[in-house]
Amino acid sequence: MSEIDIPESHPRYESLLTRHRIEAGVEKGITSKQGLIAQGRGEAFDYLLGEETTPSAKRAERAAAAQLLLAEKPVLSVNGNVAALVPGEMVELADATDADIEVNLFNRTRKRMVAIADHLQEHGATEVKGLAADARIPGLDHERAKVDEDGIYAADVVLVPLEDGDRAQALAEMGTSEIVIDLNPRSRSTQHATVPIVDNIIRAIPNITEHARELADSGHEQLEQCLKEFDAADALDNAEQTIRQGDLS
Ligand code: PTJ
């Protein structure tokens, strides 16, 4: 039995586990109520994708691992949904790629920032950035602009999960490369990503970590090649085609 007392053999196990984690996140003051709506939106896309990682998303996850390993200063951005769904998995990915973790919220309050940082620390994070907020992403007039100067502001690669917003565009304009995880291939974030991953974050993060561990001893050239072979436009097109042909049975 799992944390929600549902056998793993249950046909909707993953979906029920995800819902439970988001609900618990709201109760713990980590996830915003809007996060529940965002989750529902994601679930609809996931349903049409067959609730599994497509071959195209698998390639994107490998490219993402290569990009994180190639980065000089990679940062994993965490919002209220990400913290509720994959806290331990984000810490593992940060360890595997030597990345920093930074909390960045749309509905930013000091209380939520601290609750999320504590939650990540309970799951093994040693340092969580985001509370200093001593720099701003230019061109954004909402709370997501607030970043740490030695974190997202200085990063060359940022992992941006579950946010359909203008921060992705603003970061791209700063010259930052982005790996975006979003089940909507038409979201603004995926459109600006160097590596868009159209997959459920529950599956995507452990997959990227596995690839990162596998690629850890690869040379610079091999990692570059892995990234070069990946075509972002093709990946988005592929995801959209799969969704459009989605089977509702
Ligand atoms: O914690 P905060 O204050 O920063 O707010 C976070 C939310 C998620 C509420 C905020 O960023 C928001 O409203 O996001 P959107 O505009 O609803 O975008 C979220 C995107 O994530 C949508 O395109 C969803 O399809 C997608 N999504 C939702 N759940 C998942 C997902 N993608 C991958 N895996 C999921 N589990």
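Both counts, for ligands and for their atoms, begin at 1 and track the order of listing. Counting from 1, the numbers follow the sequence of the chain as shown.
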Enumerated ligand 1 atoms positioned under 4.0 Å from heavy atoms of [X]:
| X | value |
| --- | --- |
| Gly80 | 1 (O) |
| Asn184 | 23 (O) |
| Phe106 | 2 (P), 3 (O), 4 (O) |
| Leu85 | 36 (N) |
| Leu105 | 1 (O), 4 (O) |

Would you say the side chains of Glu221 and Gln225 form a donor-acceptor pair under 3.5 Å?
->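 No - no donor-acceptor pair under 3.5 Å links their side chains.
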Begin from the C-alpha positions of Thr53 and Asp199 and carry the test side-chain hydrogen bond (donor to acceptor under 3.5 Å, both in side chains) through to its verdict.
-> CA-CA 6 Å; Thr53 305; Asp199 196 9; 2.8 Å; yes
Does any pair with a residue in residues 151-174 pass salt bridge (Lys or Arg N to Asp or Glu O under 4.0 Å), and if so which ones, sequence neighbours excluded?
->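 For residues 151-174, and leaving out neighbouring residues, the salt bridge (Lys or Arg N to Asp or Glu O under 4.0 Å) pairs sorted by first residue read Arg144-Glu163, Glu163-Arg167, Asp164-Arg188.
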Option nearest [atom] (shortest heavy-atom distance, choices [options]):
| atom | options | result |
| --- | --- | --- |
| atom 10 (C) of ligand 1 | Arg144, Gln34, Met113 | Arg144 |
| atom 5 (O) of ligand 1 | Ile22, Asn107, Val82 | Asn107 |
| atom 23 (O) of ligand 1 | Asp164, Leu36, Asp182 | Asp182 |

Can you name the closest pair of heavy atoms from [X] and [Y] and give their distance?
| X | Y | value |
| --- | --- | --- |
| Ala133 | Lys146 | CB-CB, 4.1 Å |
| Ala84 | Ile30 | N-CG2, 4.2 Å |
| Glu52 | Asp46 | N-OD1, 4.3 Å |

Looking only at distance, does Arg41 have an N or O less than 3.5 Å from an N or O of ligand 1?
->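 Yes, since at least one N or O of Arg41 sits under 3.5 Å from an N or O of ligand 1.
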Could an N or O of ligand 1 be found under 3.5 Å from any N or O of Phe45, whether backbone or side chain?
->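 No, since none of the N or O atoms of Phe45 sits under 3.5 Å from an N or O of ligand 1.
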Under 4.0 Å, counting heavy atoms only: does [X] come that close to any atom of ligand 1?
| X | answer |
| --- | --- |
| Asp199 | yes |
| Asn200 | yes |
| Arg108 | no |

Pairs satisfying side chain to side chain donor-acceptor pair (under 3.5 Å), at least one member in residues 189-198, at least two apart =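 Counting only pairs at least two positions apart or across chains, the side chain to side chain donor-acceptor pair (under 3.5 Å) contacts touching residues 189-198 are Ser187-Thr190.
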Given that the side chain starts at C-beta and the backbone is N, CA, C, O, which of these parts of Glu43 lies under 4.0 Å from ligand 1, counting heavy atoms, or is it both or neither?
->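 No part of Glu43 comes within reach of ligand 1.
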What part of Ile202 sits under 4.0 Å from ligand 1 if we count only heavy atoms: the side chain, the backbone, both or neither?
->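 For Ile202, no heavy atom sits under 4.0 Å from ligand 1.
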Just by distance, do the side chain of Asn81 and the backbone of Gly35 share a donor-acceptor pair under 3.5 Å?
->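 Here the side-chain-to-backbone pair exists.
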Is there a donor-acceptor pair under 3.5 Å between the side chain of Thr31 and the backbone N or O of Gly80?
->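 Checking the backbone N and O of Gly80 against the side chain of Thr31, a donor-acceptor pair under 3.5 Å is found.
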How far is atom 7 (C) of ligand 1 from its nearest protein heavy atom, and which residue and atom name does that atom have?
->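 Checked against all protein heavy atoms, atom 7 (C) of ligand 1 sits closest to Asn81 OD1, 4.3 Å.
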